[in-house]
Amino acid sequence: MVHPIDRVLTVYRLIDGEYGKPELYELNGETQVGVLPDIVIRWDELAARLPVDY
């Protein structure tokens with residue numbers, strides 16, 4: 001899940017039928033999508049499009 005105001009990515013991984021503790025990342029750099037290994041999200045490009053004032 002992406003929180004656009006706080007600019008944080010929360011990742012929940014399903015392991016053996018259960019979700020583990022969420023992993024938190026800042027919206028910068030790159031994140032590889034675990035279930036789609038050929039997909040990489042480049043956060044710097046996307047975060048630059050987010051409004052800065054809410």
Side-chain angles (χ1 to χ4, degrees):
M1 295 190 300
V2 175
H3 193 289
I5 295 171
D6 293 337
R7 296 176 184 254
V8 173
L9 170 68
T10 304
V11 176
Y12 295 90
R13 297 190 191 276
L14 184 62
I15 301 171
D16 296 327
E18 294 184 18
Y19 288 99
K21 190 175 182 179
E23 301 170 25
L24 300 173
Y25 301 96
E26 292 184 28
L27 292 186
N28 59 30
E30 296 180 345
T31 301
Q32 184 176 9
V33 178
V35 296
L36 302 168
D38 294 336
I39 305 295
V40 174
I41 300 171
R42 292 178 180 84
W43 294 111
D44 296 328
E45 296 171 23
L46 293 173
R49 297 180 188 180
L50 294 174
V52 291
D53 296 328
Y54 293 95

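Looking at heavy atoms from C-beta onward, Leu27 lies out of side-chain contact with Val8 at the 4.5 angstrom threshold. Tyr12 is not listed as a side-chain neighbour of Lys21, based on a closest heavy-atom distance of 4.5 Å or more. The side-chain heavy atoms of Ile5 and Leu50, taken from C-beta on, include no pair separated by under 4.5 Å. The closest side-chain heavy-atom distance from Ile41 to Leu46 is below 4.5 Å. Side-chain contact between Thr31 and Leu9: present, with at least one pair of heavy atoms (C-beta onward) separated by less than 4.5 Å.
Side-chain N or O atoms of Gln32 include one that pairs as donor or acceptor with a backbone N or O of Pro37 at under 3.5 Å. Looking only at distances, no side-chain donor or acceptor of Arg7 sits under 3.5 Å from a matching main-chain atom of Glu26.
Under the 4.5 Å side-chain heavy-atom criterion for ILVMFWY residues, no single connected hydrophobic cluster contains both Ile39 and Met1. In the hydrophobic clustering of ILVMFWY residues, with side-chain heavy atoms under 4.5 Å counting as a link, Leu24 and Ile15 come out apart.
Here the closest heavy-atom approach between residue Trp43 and residue Asn28 is recorded as CB-N, 3.5 Å. Across Leu14 and Gly17, no two heavy atoms sit closer than the pair CD1-C, 3.5 Å.
Within the structure, the salt bridge (Lys or Arg N to Asp or Glu O under 4.0 Å) test picks out the following pairs touching residues 28-45 (sequence neighbours left out): Glu30-Arg42.
Look at Glu23 and Arg13 and you find a salt bridge, because one of the NZ, NE, NH1 or NH2 atoms lies within 4.0 Å of a carboxylate O, short of that distance.
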